[in-house]
Number of protein chains: 2
Amino acid sequence: MTTASEGTAKEALIDALRRRGGRVTSQRLVINEILRELGRHATAEEIRERVEVHLPNVSLPTVYSTLELFEELGIVRSFRGGDGVTLYDPRTDPHPHLICESCGVATDLEAPLDLAGAIEAAKGAGFSPRTADLVVTGLCHSCASQA
Amino acid sequence: MTTASEGTAKEALIDALRRRGGRVTSQRLVINEILRELGRHATAEEIRERVEVHLPNVSLPTVYSTLELFEELGIVRSFRGGDGVTLYDPRTDPHPHLICESCGVATDLEAPLDLAGAIEAAKGAGFSPRTADLVVTGLCHSCASQA
DNA sequence: GTCGCTGCAAAGTATTTGCATAGCC
DNA sequence: GGCTATGCAAATACTTTGCAGCGAC
């Protein structure tokens, strides 16, 4: 299945790479495709496993460097999960995350969020903010039930 | 120098340990003292170095397990700094952090912060929140100047 | 005297780096 | 053909774990 949005995302990546003087490689195209297909955050290892299906022998260092590049291009955001593992998110709009202390699972929280005040305060403190993330830590529904 | 607040913090720790059935050891007392003295977040290694002055041969695993215990007791909060290193903070009230992407330094941001909405939204989503943290990522003043 | 805490050593794991090769431009 | 990106392997660094001895209670 190839949706219109996937096609658009692909063109956008190619344009961004060209503008940067970077190369359009199959690894980058597939990793981007996987991220759009997933539509949620994932670990580097998880992404590599899914890439494997479409394109064998993609190394983890390549996945890391590609995701770092995507983050610079602004098409991916990264944050640290509960167990300290880095998660990569195709959603680039700021949204709060819930992190379970027991099972480590991170989920999105759909809630209106006003980070403008904190960003302004940061600027006032001489800091140059790029992004702001809100993380709520606690127990997810299933872990809380088991306790 | 031994202030009244340090004395209070010491008594509070001893009480909390007793209630828990835990033991009052010199390592625990000194680590608590160092944290109150510092008054700001620090890494496990940094804490160990400072503890060394008062009490030699304290191992890093002991520092980690003590800080984990303190977190359970609610007298310390931990969070991940920019480079993925865990920071331990004697301030237990929620307050935003600024993390520099270039030098990795984490600083407190003194700003009024309304996390109640997000916490309520998390509850509404079936999540049991314990704490919420806001992290603003970007460049600190000195790193932004150098760029 | 008992049982938890500590110190030491070693393991575990996510991520980064170096270098030779392959492949995009 | 030049130069970037990739793959492989190894290194790095933080944190956790196992186990024997010490010390609080």
Side-chain angles (χ1 to χ4, degrees), chain A residues 10 13-32 34 41-49 51-52 54-73 76 78-88 99 101-102 104 106, chain B residues 10 13-32 34 41-49 51-52 54-73 76 78-88 99 101-102 104 106:
Chain A
K10 182 176 175 178
L13 171 59
I14 292 174
D15 283 357
L17 286 172
R18 289 260 153 80
R19 271 196 301 277
R20 195 194 171 83
R23 292 182 180 168
V24 180
T25 65
S26 53
Q27 288 87 345
R28 289 174 178 178
L29 290 175
V30 171
I31 290 173
N32 182 51
I34 294 294
H41 48 249
T43 64
E45 175 59 31
E46 196 176 344
I47 292 165
R48 196 194 61 80
E49 281 169 20
V51 167
E52 190 79 14
H54 301 256
L55 192 68
N57 298 323
V58 172
S59 67
L60 215 33
T62 296
V63 174
Y64 276 109
S65 80
T66 301
L67 290 168
E68 191 183 333
L69 172 67
F70 284 3
E71 198 170 6
E72 284 171 30
L73 295 178
V76 161
S78 74
F79 64 97
R80 298 258 172 183
D83 41 9
V85 180
T86 304
L87 295 171
Y88 298 89
I99 294 183
E101 293 179 301
S102 178
Chain B
K10 181 175 176 177
L13 171 60
I14 291 174
D15 283 357
L17 286 172
R18 290 260 153 80
R19 271 196 301 277
R20 195 193 170 84
R23 290 180 181 167
V24 179
T25 66
S26 53
Q27 288 87 345
R28 290 175 177 180
L29 291 174
V30 172
I31 291 173
N32 183 51
I34 294 294
H41 48 251
T43 64
E45 175 58 32
E46 196 175 343
I47 292 166
R48 196 195 58 81
E49 281 169 19
V51 166
E52 190 79 15
H54 301 254
L55 192 69
N57 299 323
V58 172
S59 69
L60 215 32
T62 296
V63 174
Y64 276 109
S65 80
T66 302
L67 289 168
E68 191 182 332
L69 171 67
F70 284 4
E71 198 169 6
E72 282 171 31
L73 295 178
V76 160
S78 74
F79 64 97
R80 297 257 172 182
D83 41 9
V85 180
T86 304
L87 294 170
Y88 298 89
I99 294 183
E101 292 178 301
S102 176

For this session: Answer with base, sugar-phosphate or nothing: what part of the nucleic acid does B/R20 contact at a heavy-atom distance below 4.0 Å?
Result: nothing
Exercise. Going by atom types only, do B/T62 and B/Q27 share a side-chain donor-acceptor pair under 3.5 Å?
Worked result: no
Exercise. Under 4.5 Å between any side-chain heavy atoms of B/T43 and B/T86, yes or no?
Worked result: no
Exercise. For DNA chain C, which nucleotides open and close the run of contacts to chain A, 5' to 3', at under 4.0 angstrom from a non-hydrogen atom?
Worked result: C/dA14 to C/dC25
For this session: Strictly below 4.0 Å, heavy-atom distances to any atom of DNA chain D: list the hits from residues 78-85 of chain B, or just say none.
Result: B/V85
For this session: First locate atom CD1 of B/I34, then atom CD of B/E46, and finally report the distance between them rounded to the nearest 0.5 Å.
Result: 10.5 Å
For this session: Assign each of B/E45 and B/R18 to its nearest nucleotide of DNA chain D by heavy atoms, then name whichever residue's nucleotide is nearer the 5' end.
Result: B/E45
Exercise. If you pin B/P61 and A/P61 to their nearest nucleotides in DNA chain C, which one's is more 5'?
Worked result: B/P61
Exercise. How long is the line joining CG of A/L60 and P of D/dA11, in whole Å?
Worked result: 18 Å
Problem set entry | Under 3.5 Å donor-acceptor, A/R28 side chain and A/L13 backbone | no
Exercise. Hey, does A/I14 have a side-chain heavy atom less than 4.5 Å from the side chain of A/L29?
Worked result: yes
For this session: Round to the nearest Å and state the distance from A/L69 atom CG to D/dA5 atom P.
Result: 8 Å
For this session: Name the nucleic acid region contacted by A/T86, choosing base, sugar-phosphate or nothing; use a 4.0 angstrom heavy-atom cut-off, strictly under.
Result: sugar-phosphate
Exercise. Just how far is it from atom OH of A/Y64 to atom CZ of A/R48, taken to the nearest 0.5 Å?
Worked result: 10.5 Å
Problem set entry | Reported NZ-to-CG distance for the pair B/K10 and B/D15, which is rounded to 0.5 angstrom | 12.5 Å
Exercise. Which heavy atom of B/V63 sits nearest a heavy atom of B/A44, and at what distance?
Worked result: CG1-O, 3.7 Å
Exercise. What distance separates A/H54 NE2 from A/I31 CD1, expressed to the nearest 0.5 Å?
Worked result: 11.5 Å
For this session: Please report the C-alpha distance between A/L73 and A/L17 in whole Å, then the side-chain angles of each, then the deciding distance to 0.1 Å, and finally whether the side chain to side chain contact (heavy atoms under 4.5 Å, CB included) criterion is met.
Result: CA-CA 8 Å; A/L73 295 178; A/L17 286 172; 4.1 Å; yes
Exercise. Rounded to whole angstrom units, what separation is found between the CG atom of A/L17 and the P atom of D/dT6?
Worked result: 10 Å
Exercise. For DNA chain C, which residues in residues 23-30 of chain A have a heavy atom at a distance below 4.0 Å?
Worked result: A/R23, A/V24
Problem set entry | B/V63 or A/T43, whichever maps to the more 5' nucleotide of DNA chain C | B/V63
Exercise. Just how far, in rounded Å, is C1' of D/dT16 from CD of B/E71?
Worked result: 15 Å
Problem set entry | Gap separating the NE2 atom of A/H41 from the OG atom of A/S78, nearest 0.5 angstrom | 12.5 Å
